[in-house]
Amino acid sequence: MVSKMNYPYANGTIAAIEEKILDKNKLSKLLQKQPQEVIKSLADLGYGEKHTNNLEGLINQELKKTKELIEDIAPETKYSDLFFVASDNLNIKSL
């Protein structure tokens with residue numbers, strides 16, 4: 001089976017978002033803030049939506065965006081879906 005994967009596109013996409021990854025320095029600065037300030041700071045860094053007022057909502061938004069990105073650049077989503085099994089199981093249990 002020939003993959004229709006566009007590797008230069010995938011590499012370029014990943015390289016572009018590499019700068020926005022939450023690294024050790026950014027995380028240590030966030031941990032020194034109050035909870036509401038953390039949410040605002042994460043939104044300012046590009047995580048979640050500006051109007052999000054709780055950390056769980058922000059995390060869920062980021063998981064959704066990440067899943068969409070992986071589905072967009074993965075050659076076969078049946079393999080990349082494995083990354084989300086744990087969170088999908090948790091969501092099913094919650095329902």
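Values reported hereafter were calculated over all heavy atoms of this structure, with side chains retained and with hydrogens, waters and symmetry mates removed.
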Problem set entry | G46 to E62 - nearest heavy-atom pair and separation | O-OE2, 3.8 Å

Exercise. Do the side chains of L45 and L27 join up, straight or via other hydrophobic residues, at under 4.5 Å, putting them in one cluster?
Worked result: yes

For this session: May I ask you to check whether over 12 heavy atoms, not counting those of K26, lie within 6.0 Å of atom NZ?
Result: yes

Exercise. Which distance, rounded to the nearest 0.5 Å, do you find between the CD1 of I14 and the CD1 of I70?
Worked result: 8.5 Å

For this session: Taking the side chain as every heavy atom from C-beta outward, state whether E37 and Q34 have any atom pair closer than 4.5 Å.
Result: yes

Problem set entry | Within-4.5 Å side-chain heavy-atom neighbours: L22 and L42 | yes

For this session: Could you check if a side-chain atom of V38 sits within less than 4.5 angstrom of a side-chain atom of L31, using non-hydrogen atoms only?
Result: no

Problem set entry | Neighbour count >12 (heavy atoms, 6.0 Å) for atom CD, E68 | yes

Exercise. For atom NZ of K65, is the number of surrounding heavy atoms from other residues, nucleotides or ligands below 6.0 Å larger than 12?
Worked result: yes

Seminar exercise, completed: Looking only at heavy atoms, the pair that brings A10 and I73 closest together is CB-CB, 4.0 Å

For this session: With rounding to the nearest 0.5 Å, note down the distance linking CG in D72 to OH in Y9.
Result: 4.0 Å

Exercise. Would a 4.5 Å heavy-atom cut-off, applied to side chains only, mark I17 and I21 as touching?
Worked result: no

Problem set entry | Inter-residue atom distance I39.CD1 - I59.CD1, 0.5 Å rounding | 9.0 Å

Exercise. What distance separates E18 CD from N11 CG, expressed to the nearest 0.5 Å?
Worked result: 10.0 Å

